[in-house]
Amino acid sequence: MKLVLEPSQPFNLELTLCCGQVFRWEKIGEWWFGVADDKAFKVRQTGRTLEFENVSQDFVEKYFGLDNDLPAILKQITRDAHVTHAVKALEGLRIIRQDLWECLISYICATYKNIPSIKQMLFNLSRKFGCETVLDGRLLYTFPTAERLAHTSLKELAECGLGYRARYVLETAQKVASGEFNIEKLKTQNYGEARNALLCLKGVGLKVADCVSLFALEKFEAFPVDVWMKRVIIRHYANHFEEDFVKKISLKKSLTKADYEKLNSFGRKYFGEYAGYAQEYLYHFERISSKGEKSSY
DNA sequence: CAAGTGCCTTTATC
DNA sequence: AGATAAAGGCACT
């Protein structure tokens with residue numbers, strides 16, 4: 001099946017899959033293979049043509065956020081030269097509508113890990129506890145359900161490389177599987193409510209709650225702040241804060257809750273209702289820029 | 001190549 | 001409130 005993208009609605013598949021928001025896509029030749037919402041499918045892009053197999057057009061449009069009016073969103077967040085630079089460099093980057101359960105577990109696993117490691121953990125979990133599907137003779141795995149993970153052991157989870165995150169994943173799976181934590185209810189709640197509910201889960205702090213809100217709950221005002229975003233703010237937005245505060249967070253490696261909320265609320269106020277989009281562009285731009293600095297040294 | 005550092009942080013404790 | 005330590009283990013330098 002093919003889909004021709006509107007010229008007015010930029011989309012870059014590669015960027016969208018590689019910017020660090022999703023972890024389980026694999027490129028084989030020209031095609032990207034992945035599983036979303038228990039559907040194994042493949043996609044490739046040539047210019048404005050998006051080609052896909054084993055999935056409906058409706059799903060593809062929804063999953064990749066093609067229904068978001070990207071130019072309108074970008075217009076709102078380009079408040080200064082730096083973010084404009086990032087937006088131009090990363091044209092066509094879109095926020096994916098992730099499956100809520102997979103997203104939650106992914107970001108619990110993502111704490112204090114680098115992206116290659118996160119990918120490894122999630123592939124391990126899926127291979128071990130997910131359901132096998134075949135596409136083009138290639139084995140793909142669905143993401144394990146809460147019920148399935150609830151019946152694993154800490155040992156088995158640790159064997160997937162989760163380390164101390166194993167107990168957070170197990171506990172969350174048990175709460176969701178038993179109904180003690182109603183994950184579906186999050187979808188009916190606003191940003192503040194959903195964020196607070198998520199924070200009740202062990203292993204979910206402010207940053208993880210913001211990532212889940214942004215990537216799976218369509219709360220575009222969420223503004224996750226990680227080490228990279230801290231760097232971005234120190235480098236380009238320091239003038240929005242007191243000198244002492246900037247000095248303090250520059251020296252310390254981790255943010256206190258109060259520090260986090262200060263950076264987070266700055267992002268939300270400054271970039272507006274699509275702050276999450278700004279975060280994604282700034283985050284990825286900072287990462288690719290830092291790679292460039294190193295190699296051209 | 002070994003060893004050190006850092007990792008899309010959170011929790012526990014003081 | 002805020003500081004501090006500890007937490008798998010892998011990837012990168």
Side-chain angles (χ1 to χ4, degrees), chain A residues 15-25 86 90 93 95-96 98 102-125 153-172 195-196 198-216 222-235 244-245 247-264 267 275-297:
Chain A
L15 257 181
T16 299
L17 291 176
C18 295
C19 68
Q21 55 178 329
V22 285
F23 306 101
R24 250 156 51 75
W25 282 85
L90 304 175
L93 170 60
I95 290 181
I96 288 176
Q98 297 189 36
E102 176 168 350
C103 183
L104 173 59
I105 296 303
S106 297
Y107 282 92
I108 288 177
C109 289
T111 61
Y112 207 54
K113 273 284 183 188
N114 53 32
I115 290 177
S117 299
I118 300 163
K119 287 181 174 170
Q120 195 56 52
M121 287 188 280
L122 297 174
F123 273 109
N124 290 343
L125 276 181
S153 63
L154 285 177
K155 183 171 170 285
E156 287 178 295
L157 292 174
E159 281 165 6
C160 292
L162 301 204
Y164 65 88
R165 299 162 198 79
R167 64 193 178 95
Y168 302 140
V169 168
L170 184 60
E171 201 177 306
T172 297
R195 194 183 196 234
N196 283 335
L198 284 163
L199 289 173
C200 298
L201 296 167
K202 288 279 176 58
V204 177
L206 294 169
K207 193 268 176 181
V208 173
D210 277 331
C211 285
V212 175
S213 299
L214 178 61
F215 298 130
F223 189 82
V225 180
D226 65 344
V227 279
W228 294 92
M229 286 308 295
K230 189 181 95 169
R231 274 172 216 156
V232 170
I233 292 171
I234 290 169
R235 281 176 69 165
D244 289 345
F245 175 73
K247 202 173 286 175
K248 188 186 89 179
I249 63 169
S250 304
L251 293 173
K252 295 175 57 177
K253 63 171 183 285
S254 61
L255 296 171
T256 65
K257 272 190 183 180
D259 294 341
Y260 183 98
E261 295 290 32
K262 211 161 165 176
L263 299 179
N264 172 271
Y277 252 100
Q279 189 272 356
E280 224 25 43
Y281 277 87
L282 292 170
Y283 167 79
H284 193 54
F285 188 64
E286 185 68 16
R287 290 186 61 114
I288 60 176
S289 304
S290 87
K291 273 182 197 166
E293 278 167 34
K294 281 174 200 161
S295 58
S296 64
Y297 199 90

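Residue numbering restarts at 1 for every chain, and letters A, B, ... go by the order of the sequence lines. This structure is a prediction, so every number in the text was calculated from the model and none was measured. Values below: all heavy atoms of this structure, side chains included; hydrogens, waters and symmetry mates excluded.
Rounded to whole Å, atom P of C:dA11 lies 10 Å from atom CE of A:Met121. The distance from atom CZ of A:Phe123 to atom P of C:dA11 is 13 Å, rounded to the nearest whole Å. In this structure, A:Ile118 places its CD1 atom 12 Å from P of C:dC12, rounding to the nearest Å.
Residues A:Lys253 and A:Lys248 both approach DNA chain C. Their nearest nucleotides, taken by heavy-atom distance, put A:Lys248 toward the 5′ side.
Looking at residues 104-117 of chain A, you'll see A:Tyr112, A:Lys113, A:Asn114, A:Pro116, A:Ser117 sit with a heavy atom under 4.0 Å from some atom of DNA chain C. Contact check of residues 161-171 of chain A against DNA chain C (heavy atom, cut-off under 4.0 Å) returns A:Gly163, A:Tyr164, A:Arg165. Listed by residue number, there are no residues of residues 205-215 of chain A with a heavy-atom contact under 4.0 Å to DNA chain C.
Applying the salt bridge (Lys or Arg N to Asp or Glu O under 4.0 Å) rule to pairs touching residues 16-25 of chain A yields A:Arg24-A:Glu102, sequence neighbours excluded.
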**Message:** As a check on the pairing definition, encode DNA chain C in dot-bracket form, counting Watson-Crick and G-U wobble pairs whose two distances are under 3.5 Å, and using | for partners outside this strand.
**Reply:** .||||||.|||||

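For A:Lys257, the side chain to side chain contact (heavy atoms under 4.5 Å, CB included) partners at least two apart in sequence or on another chain are A:Leu206. A:Glu156 pairs by the salt bridge (Lys or Arg N to Asp or Glu O under 4.0 Å) definition with nothing, not counting sequence neighbours. A:Glu171 meets the side-chain hydrogen bond (donor to acceptor under 3.5 Å, both in side chains) test with no other residue; sequence neighbours excluded. Partners of A:Arg287 according to the side chain to side chain contact (heavy atoms under 4.5 Å, CB included) rule, which considers only residues two or more places apart in sequence or in another chain, are A:Ile115, A:Trp228, A:Tyr283. Checked against side-chain hydrogen bond (donor to acceptor under 3.5 Å, both in side chains), A:Asn114 has the following partners two or more places apart in sequence or in another chain: A:Ser117. The salt bridge (Lys or Arg N to Asp or Glu O under 4.0 Å) search around A:Lys202 returns none, not counting sequence neighbours.
The nucleotide range of DNA chain B contacted by chain A, defined by atoms under 4.0 angstrom from heavy atoms of the protein and reported 5' to 3', is B:dG6 to B:dA12.
When all heavy atoms of A:Thr111 and A:Val208 are compared, the pair lying nearest together is CG2-CG2, 3.5 Å.
A:Lys257 comes within 4.0 angstrom of no nucleic acid atom, judged by non-hydrogen atoms across all strands.
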